[in-house]
Amino acid sequence: MDKTYQPHAIENQWYQTWEKKAYFKPAGEGNPYCIMIPPPNVTGSLHMGHGFNNAVMDALIRYRRMRGDDTLWQVGTDHAGIATQMVVERQLAAQNISRHDLGREKFLEKVWEWKEQSGGTITRQIRRLGSSVDWTRERFTMDDGLSTAVQEAFVRLYEDGLIYRGKRLVNWDPKLHTAISDLEVENHDEKGNLWNLRYPLADGATTAEGKNYLVVATTRPETMLGDSAVAVHPDDERYKSLIGKFVLLPLVNRLIPIVADDYVDREFGTGCVKITPAHDFNDYEVGKRHNLPLINVLDKNAAVLAQAQVFNLDGSVNNELNNALPAQFAGLDRYEARKQIVAAFEAAELLEKIDDHGLKVPRGDRSGIVIEPWLTDQWYVSTKPLAEPAIAAVEDGRIQFVPKQYENMYFSWMRDIQDWCISRQLWWGHRIPAWYDASGKVYVGRNEEEVRSKYNLGTEVKLNQDEDVLDTWFSSGLWTFSTLGWPEQTEFLKKFHPTDLLVTGFDIIFFWVARMIMLTLHLVKHEDGSAQIPFKTVYVHGLVRDSQGQKMSKSKGNVLDPLDIIDGIDLETLVQKRTTGLMNPKDAVKIEKQTRKEFPDGIQAYGTDALRFTFCSLASTGRDIKFDMGRVEGYRNFCNKIWNATRYVLMQCEDQDCGQDGSSNYELSVADRWIISKLQLAEKQVAEVLDTYRLDLATQAIYEFVWNEYCDWYLELSKPILFDKSEGSDARKKGTRRTLIRVLETILRLSHPLMPFITEEIWQKIKPLAGVTGETIMHARFPIADESRIDQQALKDVEWLQAVILGVRNIRGEMNISPAKDLNVLFKNGSADDQQRLQANQQFLKKLASLESVTWLNAGDAEPMSATALVGQMEILVPMAGIINKDAEIARLTKESNKLQQDIERTEMKLGNAAFVEKAPAEVVENERKRVNENKIAVEKLREQIQKISAL
RNA sequence: GGGCGGUUAGCUCAGUUGGUAGAGCAAUGCCCUUACAAGGCAUGGGUCACAAGUUCGAGUCUUGUACCGCCCACCA
């Protein structure tokens, strides 16, 4: 074996073997256990979030697989409608081609080409992470099977009255030219203005103050062209007399009514609100209440008036108003229109004032552009009836969130859910299975043929399929069952659905988790007809942030590619990677500087295991993760530690009898029995925390056991036994070799879910010596603690031994005694137990504390001046002659004594409190008493010692 | 405006039912001791954000305050 651990030398090769040998497939026996991967964008590439998410899922699926469950980790990718279409459109734009130049069919060919070309990137990356997904079942949301499921789901929901088409105000993305759902809109705090505009009162009316106009305040003056009313609060004394009267809408010269509505806040602005029902969600509601006309003044590209439509609430055209719309603003961009309209107001002396104003600006999460509320026909899912059972499923515990607090987030959103707009004016996606005849009548069915036969439409009736596609999340919402073959009742669907665990970030609880729950409950039934949930547990994790706690983003230039941590990257390449393809090329300078500062030497290759162990160690409950490269390095070192411990174990065990034949002619030392006991405790703990999804605690427990117990103590304790030259020590040696190798083998199985590669590599090397068979550690059994193997006596004995060694080492360290100097150490004043333990453990003591000799002093024996340490009552004496500085020893003892003294004072105070003695459990009080007594004796001894040395 | 989370060592974080505050990294000193310098041994470092309450006893339970972060919401 190499002297240092070289991750790249082992990782790729093992993954290929695993995949080739189909180790990832369900075993076909055991309890079914299924995790569905959140399907990444097929044309995307891996980011830290994926890395984290995969590390968690793989750890848990490997754990279950090793527990003997019949595990399926379903893998696949998402077509990611908007994101993918945007990429391809951008590529075309570079050649000055728009998708419209190509036409729908040609454009889709291009997208499929791009999918074929780049679609393998993310799956290759998932392989590099070591994820044990079943590739033989890989699915894509637009493959035939899943498309069938999408159609089926749409048709069933439509037939059940849960999907409808309607004209409503939607969030329109003027850049992408599509409607988007509420969730895809992000509200940002931005600085803006509040324009105060005068609307002249008609018919000579005046306000209470005698003015012949009302002042309305708006953040969007350009929408005034579509104003249908001015609203005031019904109880507002200032305007009460004007309710029912009219204002003459400037520029448009249209009479619009003054209406009363509770929605108006009297305190804000002037208390008068212009109402534009077709361009504002609140105004839309007000308009409905007052039966106001809906006037769309923007076209799909958010330019003004290019497609002015004017409708009454019933949809009839209101010609009178339509003719009144001014032509001068036609075709202007909405912000240009704003300028010109404000200018027009100013020119007409109708601009009262302009205030600075902070406001929430809605932006499309993909395009980043300001969203325009716009009146169009779209398809909707009626969510209220679906939400009810979805709430119940979480309330009654059929579905559990981990951590639980996310259930509140889920409930609050679900209880106030709005209908879901599922149509998108895109080309890439599942085309909506609806057809229109010449009159616009809509027919929904699985295909045109079915529609024709179902509605008895002859070939003379021309049908056109709806041009729109479905929201990507509609197909993702079916993911847990569409991948298993639904609507067919496949064996896999029966076996693995409902699935067991979903691992995902909190940011897509609404987008995805909530919708999966709603859709599944409605569409998927058990054989007895009862509704199925999609999964039993939702493990929710936080976002991976950079070491400063900043969100990683391309524009900030702080993104890390998990593969760069695995394989390493030099500084120049990293700088280049971070500064190319920026939205704003000006950021490059700053990003380069920042990157050179943070990674002066680039990033080392740490390997997949170290990265994954790091992710798991950071996976504590429900908080975001600050990613720290120092942790990765620490865990890479941990891998190296395991690697080197293995080298030692192999040196001792190779070509030796380690009991691999099952023979029993061996003897276990106290150290052997101790590490076996500790191992049981570690196994118990790891299983417990894995069952509760506390991967951070699992990494801690493993790290602690491997490094601090197995390596630091046990390997050292094995040396005096194995290096013993004396006769008749063979049985002990065999016992120790046996323990060394078997504990190591167990450590590997215990760690495998967290660090799959190194554990497999080593396991293959050592399994014959451990008497173990099996093709792969992946299918070996996860260690289960056997409490009968916990030897309390051995635990206590080694604890004592450690205390003695620590005492000597402390003197050595504090007194600056060379580690090369073997010491002659004396012991006195101990119990019979101490004496017996000293006798039994001389071999260990001498080696671990570097002692020349160990001598027991009886009462009355002459005693050289010494540095002292205490273990219980027993004193450890290291003779001072020539090696120990008097003042330093006094200082050391004083420090020790002061520490104890403080403890005594604190404890005595407690015991002096009558209430404590009376009310605290007897056991607690007794412990405190014991503690004071022991410490008092110790302090006494230390004082005597200080005096003795001072007297020299 | 409502809701949720966080505040513990210089940094990143654990702390299960209240009973002596922990780890890793960083720091300091000594060591190339035959598994490992990606290492070994030892050491220092904390009013557990603040305040009040419950309790014999609070990092832990209750209430309030401050600051940080997130989610949701119709103030033009």
Side-chain angles (χ1 to χ4, degrees), chain A residues 1 3-5 187 194-195 216-220 231 263-265 267-276 280-286 357 359-360 403 405-406 408-409 411-413 416 506-507 509-510 542-543 547 549 604 606 617-618 620-628 630-631 633-652 688-689 692 694 696-697 699-700 703-704 707-708 711-712 715-716 719 723 805-806 809-820 850 903 906-907 910 913-921 923-925 927-928 931:
Chain A
M1 279 173 82
K3 196 171 167 183
T4 50
Y5 156 69
N187 291 302
L194 201 55
W195 284 270
V216 298
T218 180
T219 54
R220 301 209 49 203
Y263 154 71
V264 178
D265 177 356
E267 308 300 317
F268 189 89
T270 57
C272 299
V273 186
K274 63 189 267 315
I275 301 298
T276 323
D280 184 282
F281 288 97
N282 297 314
D283 292 7
Y284 183 74
E285 296 301 316
V286 175
H357 182 65
L359 71 163
K360 292 270 190 205
Q405 76 239 21
Y406 284 108
N408 291 327
M409 210 166 115
F411 287 139
S412 66
W413 187 73
D416 191 31
F506 71 89
D507 51 328
I509 289 182
F510 303 147
L543 250 49
S547 57
Q604 281 184 58
Y606 293 108
S617 78
L618 295 170
S620 55
T621 51
R623 60 154 75 193
D624 282 351
I625 292 141
K626 281 189 203 172
F627 192 80
D628 176 13
R631 291 286 281 261
E633 184 166 349
Y635 293 129
R636 190 273 317 263
N637 294 352
F638 179 54
C639 291
N640 189 50
K641 191 75 179 174
I642 296 176
W643 188 259
N644 277 291
T646 303
R647 288 179 60 229
Y648 168 78
V649 173
L650 283 177
M651 272 175 215
Q652 303 310 321
E688 269 170 19
V689 295
T692 50
R694 288 301 303 271
D696 58 327
L697 299 181
T699 60
Q700 259 181 45
Y703 188 98
E704 154 84 14
W707 201 311
N708 301 343
C711 291
D712 284 352
L715 295 192
E716 296 308 317
K719 289 174 187 175
F723 298 169
I805 292 166
L806 199 69
R809 281 178 181 171
N810 178 285
I811 290 171
R812 197 189 279 277
E814 294 275 284
M815 296 295 107
N816 260 328
I817 301 167
S818 159
S850 304
D903 193 85
R906 212 178 36 220
T907 319
K910 238 178 173 179
N913 180 350
F916 171 71
V917 179
E918 230 171 85
K919 298 198 176 175
E923 197 188 303
V924 173
V925 177
N927 271 336
E928 295 294 319
R931 183 185 168 79

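Quick caveat: nothing in here was measured; it's all calculated off a predicted structure. Order of the sequence lines fixes the chain letters, A, B, ..., with proteins taken first and strands second; residue numbering starts at 1 for each chain.
Here A27(B) sits opposite U43(B) as a Watson-Crick or G-U wobble pair (both hydrogen-bonding atom distances under 3.5 Å). With a cut-off of 3.5 Å on both Watson-Crick or G-U wobble distances, the partner of A49(B) is given as U65(B). Applying the Watson-Crick and G-U wobble criteria (two distances, each under 3.5 Å), C70(B) pairs with G3(B). As the counterpart of C56(B), G19(B) is assigned, both hydrogen-bonding distances of the Watson-Crick or G-U wobble pattern falling under 3.5 Å.
For the pair Y635(A) OH and A23(B) P, the computed distance is 14 Å after rounding to whole Å. A straight line from CD1 of I642(A) to P of G39(B) spans 13 Å, rounded to a whole angstrom. Remark: P of G19(B) and CG of D903(A) are 17 Å apart, rounded to the nearest angstrom. In this entry the distance linking CZ of F638(A) with P of G40(B) reads 12 Å, nearest Å. Distance E923(A) CD to C56(B) P: 19 Å, rounded to the nearest Å. Between R812(A) atom CZ and U43(B) atom P the separation is 14 Å, expressed in whole Å. Distance CG (N640(A)) to P (A38(B)): 8 Å, rounded to an integer number of Å. If you measure from atom CG of N637(A) to atom C1' of G39(B), you get 9 Å, rounded to the nearest angstrom.
Here the side chain of R812(A) pairs a donor or acceptor atom with the backbone of S850(A) at under 3.5 angstrom. No donor-acceptor pair under 3.5 Å is formed between the side chain of R694(A) and the backbone N or O of S620(A). The main-chain N or O of L543(A) is found under 3.5 Å from a side-chain atom of D624(A) such that the two form a donor-acceptor pair. When atom types are taken as modelled, the side chain of N644(A) and the backbone of N640(A) share a donor-acceptor pair closer than 3.5 angstrom.
The distance from atom CG of N913(A) to atom CD of E918(A), rounded to the nearest 0.5 Å, is 9.5 Å. Expressed to the nearest 0.5 Å, how far OG1 of T699(A) lies from CG of L618(A) amounts to 8.0 Å. Separation of atoms CG (N282(A)) and OH (Y263(A)) is listed at 4.0 Å; rounding is to 0.5 Å.
Looking at heavy-atom distances under 4.0 Å, Y406(A) makes no contact with the nucleic acid at all. The residue N913(A) sits close only to the backbone: its heavy atoms come under 4.0 Å of sugar-phosphate atoms, none of a base. Using a 4.0 Å heavy-atom cutoff across all strands shown, C711(A) reaches at least one base atom of the nucleic acid. The residue E814(A) sits close only to the backbone: its heavy atoms come under 4.0 Å of sugar-phosphate atoms, none of a base.
W643(A) is not listed as a side-chain neighbour of T4(A), based on a closest heavy-atom distance of 4.5 Å or more. Within the 4.5 Å cutoff, no side-chain heavy atoms of K626(A) are placed close to those of D628(A). Y703(A) is listed as a side-chain neighbour of Y635(A), based on a closest heavy-atom distance under 4.5 Å.
Judged by atom type and distance alone, R809(A) does not reach the base of A42(B) through any side-chain donor-acceptor pair under 3.5 Å. Contact of Q604(A) with A38(B) (side chain to base): no donor-acceptor pair of N or O atoms is detected under 3.5 Å.
To the nearest whole angstrom, the two P atoms, one in C13(B) and one in C32(B), are 38 Å apart. Nucleotides A35(B) and G40(B) place their C1' atoms 12 Å apart, quoted to the nearest Å. Distance noted for atom C1' between G44(B) and A26(B): 13 Å (whole Å). G15(B) and A49(B) are spaced 15 Å apart, taking the P atom of each and rounding to whole Å. For the C1' atoms, the distance from G46(B) to G5(B) is 24 Å, rounded to whole Å. With P as the reference atom, U28(B) and U7(B) are 29 Å apart, rounded to whole Å. When the P atom is used for both G19(B) and C61(B), the distance is 11 Å, rounded to whole Å. Nucleotides G53(B) and C68(B) place their P atoms 28 Å apart, quoted to the nearest Å.
The shortest distance between the side-chain N/O atoms of W707(A) and the OP1/OP2 oxygens of G40(B) is below 4.0 Å. Not one side-chain nitrogen or oxygen of N644(A) sits closer than 4.0 Å to the OP1 or OP2 atom of A38(B). For G57(B), neither phosphate oxygen OP1 nor OP2 lies less than 4.0 angstrom from any side-chain nitrogen or oxygen of K910(A). At U43(B), one or more side-chain N or O atoms of N810(A) fall inside 4.0 Å of OP1 or OP2 (strictly under the cut-off).
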Original post:
Given E814(A) and N810(A), is the side chain to side chain donor-acceptor pair (under 3.5 Å) satisfied, shown in steps?
Top reply: CA-CA 6 Å; E814(A) 294 275 284; N810(A) 178 285; 5.3 Å; no

Original post:
Where do F723(A) and Q652(A) land on the side chain to side chain contact (heavy atoms under 4.5 Å, CB included) test, with the steps shown first?
Top reply: CA-CA 10 Å; F723(A) 298 169; Q652(A) 303 310 321; 3.9 Å; yes

**OP:** Please step through side chain to side chain contact (heavy atoms under 4.5 Å, CB included) for the pair Y5(A) and I642(A), ending with a clear verdict.
**Re:** CA-CA 9 Å; Y5(A) 156 69; I642(A) 296 176; over 6 Å; no

**OP:** Decide side chain to side chain contact (heavy atoms under 4.5 Å, CB included) for K719(A) and Y648(A); before the verdict, give the C-alpha distance in whole Å, the side-chain angles of both, and the deciding distance to 0.1 Å.
**Re:** CA-CA 10 Å; K719(A) 289 174 187 175; Y648(A) 168 78; 3.2 Å; yes

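Using bins of under 30°, 30° to 60° and over 60° for the plane-to-plane angle, the ring pair W707(A)/F638(A) lands in the parallel bin.
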Filtered N/O pairs between nucleotides 6-16 of chain B and protein, under 3.5 Å:
unit_1	atom_1	unit_2	atom_2	d
G6(B)	O3'	R623(A)	NH2	3.2
U12(B)	OP1	K626(A)	NZ	3.3
A14(B)	OP1	S620(A)	OG	2.6
A14(B)	OP1	R623(A)	NE	3.4
A14(B)	OP2	R623(A)	NH2	3.4
A14(B)	O3'	R694(A)	NH2	3.4
G15(B)	OP1	R694(A)	NH1	3.0
G15(B)	OP1	R694(A)	NH2	3.2

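Nearer to the 5' terminus of RNA chain B, by closest-nucleotide assignment, is the contact made by N408(A) (compared with the other of G630(A) and N408(A)). Each of L715(A) and D712(A) was assigned the nucleotide of RNA chain B with the nearest heavy atom; the assignment lying further toward the 5' end belongs to L715(A).
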**OP:** Going 5' to 3' through nucleotides 27-34 of chain B, assign each nucleotide B (protein heavy atom under 4.0 Å from a base atom), S (under 4.0 Å only from sugar-phosphate atoms) or - (no protein heavy atom that close).
**Re:** ---SS-B-

Subject >> Under 4.0 Å protein heavy-atom contacts per nucleotide of nucleotides 71-76 of chain B, with B for base, S for backbone only and - for none >> reply: SSBBBB

